[in-house]
Amino acid sequence: MAFDPETAGRSLAESLKRHRTSILLGSVIGLFTGGPAGLVMGGLFGYFASRLLLGAVKAFHPQRALFKATFSVMGKVAKADGRVSENEIAFASALMNQMRLTGEKRQEAIDQFNAGKEADFDIAEALKPLAVYLRHRPDVRMFFVEVQLQAAFADGEVSAAELEVIQQVCAHLQMTKQEVEMLVARMQAQQSFHQQGQQGFAGPQAAQMLDAAYRVLGVEAEATDAEVKKAYRKLMSQHHPDKLVSKGLPEEMVTMAKEKSQEIQAAYEQVRRARKAAG
């Protein structure tokens, strides 16, 4: 293609306009530190630094990074205790089905899961692109860790080795120890609530299920109705599918978010029914 001076000039003008703030800032700093020559050099530095930063931002696709990390970290969690069980493989496969992954997208998820199982998998490197991004999106960060905890619970309980990996994940994502403990407790309660629901609502199971429902909501049985409702609304807000997607959750995970909202709703309804029956 022949060089077009007019097109090139227009492109350069648009680029200078786009990065004008950085050019101005660099020029001012250069003027005060190096005089007229510094002004020119500072402006050039500001321009190219701004272009480089903008390129790096555009190259980072948070939804893609979240998708890849979801399955690679899941593979790391599954292999934490030495071997990947059939239940853990079944969970990963069910998750792919739930996300309706097919073709290349499903193969990518499988490849990431297998990569996470490797001994040389660097969990810090996998989470590095997400750490800063998720710091200001605590709901998406929490959802990501919840998925990893679900994978850890695939065998019925979380082993010490799996919990250690989960704690590493949370540390890299800059979650506090208290946040981790509360999240693990709530996920344990959700697991129990789900299992009790499959067994039925009568006899001892009903009492155990009610206890689990309170723990899902993160409140004590002695909590007031207002406290229960407040806890329920907070959890529903944190797990609202549209809200999570707007903050970077991959579209494929919408179904998962909806399912979590339904679990929270079910726990709240269980508490409401029990309180109404008690009078």
Side-chain angles (χ1 to χ4, degrees), residues 66 70 98 133-154 156-158 162-163 166-167 169-249 253-279:
L66 268 169
T70 294
Q98 188 180 24
Y133 179 76
L134 293 181
R135 183 190 306 166
H136 305 293
R137 293 164 177 80
D139 295 347
V140 179
R141 180 177 62 182
M142 180 177 65
F143 187 89
F144 175 83
V145 178
E146 285 178 348
V147 173
Q148 303 308 323
L149 278 167
Q150 279 186 278
F153 274 113
E157 61 180 5
V158 181
E162 289 171 331
L163 183 58
I166 295 293
Q167 290 171 335
V169 171
C170 294
H172 287 304
L173 295 182
Q174 301 179 15
M175 294 177 66
T176 66
K177 183 179 179 181
Q178 184 180 16
E179 287 176 321
V180 177
E181 291 175 349
M182 291 176 62
L183 187 54
V184 170
R186 185 159 58 77
M187 292 303 295
Q188 288 175 327
Q190 284 189 356
Q191 185 80 358
S192 176
F193 182 75
H194 181 70
Q195 292 174 347
Q196 295 297 332
Q198 291 179 326
Q199 295 174 11
F201 297 91
Q205 286 78 19
Q208 293 172 2
M209 189 172 182
L210 178 60
D211 176 65
Y214 276 113
R215 288 187 287 118
V216 168
L217 299 177
V219 296
E220 301 290 337
E222 295 76 19
T224 65
D225 290 347
E227 290 170 336
V228 170
K229 181 176 288 188
K230 181 180 180 180
Y232 159 72
R233 287 179 173 173
K234 180 180 179 180
L235 284 173
M236 289 297 285
S237 175
Q238 291 172 336
H239 292 83
H240 194 286
D242 293 338
K243 181 180 177 182
L244 288 171
V245 169
S246 71
K247 292 187 175 183
L249 188 75
M253 295 186 177
V254 171
T255 304
M256 298 166 57
K258 289 180 179 178
E259 184 176 289
K260 286 187 175 295
S261 295
Q262 291 169 356
E263 291 173 352
I264 296 166
Q265 178 73 42
Y268 179 61
E269 293 299 330
Q270 178 74 5
V271 170
R272 284 188 63 194
R273 283 194 299 267
R275 291 191 166 209
K276 186 176 181 180

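Hydrogens, waters and symmetry mates are skipped; everything else that's a heavy atom, side chains included, is used. Here the structure is a predicted model, which means the values were calculated and not measured.
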Point to revise | Heavy-atom pair of closest approach, residues Arg135 and Arg141 | key: CA-NH1, 4.3 Å

Revision key, fill the gap. So CD of Glu220 and CG of Asp211: to nearest 0.5 Å the spacing works out to 9.0 Å

Review point. CD/Glu227 to CG/Leu217 distance, rounded to the nearest 0.5 angstrom?
Key: 12.5 Å

Point to revise | Met187 and Val184, any side-chain heavy atoms less than 4.5 Å apart | key: no

Practice item. Provide the closest heavy-atom pair for Glu179 versus Met175 in the form atom of the first, atom of the second, distance. Key: OE1-CA, 3.3 Å

Study note, to complete from the structure: Of all heavy-atom pairs linking Met253 and Thr70, the shortest is CE-OG1, 3.0 Å

**Study point:** Tyr232 versus Gln265, side-chain donor and acceptor atoms under 3.5 Å
**Key:** yes

**Study point:** Heavy atoms from other residues, nucleotides or ligands near CD of Gln98 exceed 12 (cutoff 6.0 Å)
**Key:** yes

Review point. Do Leu149 and Ile166 touch side chain to side chain, with heavy atoms closer than 4.5 Å?
Key: yes

Practice item. For Leu163 and Val158, work out which heavy atoms get closest and say how close. Key: N-CG1, 3.7 Å

Check your understanding: Are a donor atom and an acceptor atom from the side chains of Glu146 and His239 found within less than 3.5 Å of each other?
Key -> yes

Practice item. To the nearest 0.5 Å, tell me how far Glu259 CD sits from Thr255 OG1. Key: 9.0 Å

Practice item. Compare every heavy atom of Leu173 with every heavy atom of Leu134, then report the nearest pair and how far apart it is. Key: CD1-CD2, 4.2 Å

Check your understanding: For the side-chain hydrogen bond (donor to acceptor under 3.5 Å, both in side chains) test, which of Arg272, Arg275, Lys230 pairs with Asp225?
Key -> Arg275

Practice item. Please say whether more than 12 non-hydrogen atoms of neighbouring residues, nucleotides or ligands are located less than 6.0 Å from NZ in Lys243. Key: yes

Point to revise | Arg137 to Tyr133 six-membered ring, cation-pi geometry met (6.0 Å, 45°) | key: yes

Review point. Which atom names give the shortest non-hydrogen contact between Glu162 and Ala152, and what distance separates them?
Key: OE1-O, 3.3 Å

Check your understanding: Given the rule in the side chain to side chain donor-acceptor pair (under 3.5 Å) test, do Gln150 and Lys260 qualify, once you have shown the distances and angles that lead to the verdict?
Key -> CA-CA 11 Å; Gln150 279 186 278; Lys260 286 187 175 295; 2.9 Å; yes

Review point. Just by modelled atom types, is the Arg233 backbone N or O under 3.5 Å from a matching donor or acceptor in the Ser237 side chain?
Key: no

**Study point:** Side chain proximity check, Phe153 to Gln188, heavy atoms < 4.5 angstrom
**Key:** yes

Practice item. Starting at CG of Leu244, measure out to CZ of Phe144 and round the result to the nearest 0.5 Å. Key: 14.0 Å

Review point. Rounded to the nearest 0.5 Å, how far apart are CE of Met236 and OH of Tyr268?
Key: 10.5 Å

Review point. Heavy-atom distance under 4.5 Å between the side chains of Val216 and Val271, does that happen here?
Key: no

Practice item. Rounded to the nearest 0.5 Å, what's the gap from NE2 on His240 to OG on Ser261? Could you check? Key: 7.0 Å

**Study point:** Side-chain heavy atoms of Arg186 within contact of Arg215, under 4.5 Å
**Key:** no

